[in-house]
Amino acid sequence: MRSQLSAALAGLTDKQREAVLLRYLGERTVPEVAQQLGISTGTAGTRVRDGVLALQHALTPRTPTP
């Protein structure tokens with residue numbers, strides 16, 4: 001699972017990865033992420049949201065289509 005997560009994180013943009021890691025591993029709020037990155041709270045929230053959605057997509061098992 002760790003290698004899958006590493007691969008999924010590598011698939012994010014640099015900006016998404018930075019925001020997601022600050023938010024969840026750094027345990028920061030979205031306003032704190034925004035302040036640290038020097039961006040608006042809305043932009044920080046969007047980067048976190050888009051990053052999480054991309055991670056969910058990358059980590060969701062696919063069922064083969066017949």
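Nothing fancy with the numbering, it's 1 onward along the sequence. Model, not experiment: these values are computed from the prediction.
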Subject >> Pairwise side-chain contact, Leu22 with Glu18, heavy-atom cut-off 4.5 Å (strictly under) >> reply: yes
Original post:
Which residue pairs pass the side-chain hydrogen bond (donor to acceptor under 3.5 Å, both in side chains) test when at least one of the two sits in residues 53-63, sequence neighbours left out?
Top reply: His57-Arg62
**OP:** Show the numbers, then the answer: is there a side chain to side chain contact (heavy atoms under 4.5 Å, CB included) between Ile39 and Lys15?
**Re:** CA-CA 11 Å; Ile39 58 177; Lys15 291 177 180 183; over 6 Å; no
**OP:** Treating Ile, Leu, Val, Met, Phe, Trp and Tyr as nodes and any side-chain heavy-atom pair under 4.5 angstrom as an edge, say whether Val33 and Leu21 lie in one connected cluster.
**Re:** no
Subject >> Cluster overlap Val52 with Leu5, hydrophobic side-chain contacts below 4.5 Å >> reply: yes
Subject >> Nearest atoms (heavy-atom pairs only) where Ala19 meets Arg47 >> reply: CB-CB, 3.8 Å
Subject >> Set of side-chain contact (heavy atoms from CB on, under 4.5 Å) partners for Ala8, sequence neighbours left out >> reply: Leu55, Ala58, Leu59
Subject >> With sequence neighbours excluded, residues passing side-chain contact (heavy atoms from CB on, under 4.5 Å) with Ala54 >> reply: Leu12
Original post:
By side chain to side chain donor-acceptor pair (under 3.5 Å), which residues pair with Thr43, not counting sequence neighbours?
Top reply: Ser40
**OP:** Using salt bridge (charged side-chain N to carboxylate O under 4.0 Å, His left out) as the criterion, list what pairs up with Arg23, not counting sequence neighbours.
**Re:** none
For residues 24-32, tabulate all N or O donor-acceptor pairs below 3.5 Å that involve a side-chain atom, not counting sequence neighbours.
residue	atom	partner	partner atom	Å
Arg28	NE	Gln36	OE1	2.9
Thr29	OG1	Glu32	N	3.2
Thr29	OG1	Glu32	OE1	3.4
Glu32	OE1	Thr29	N	2.8

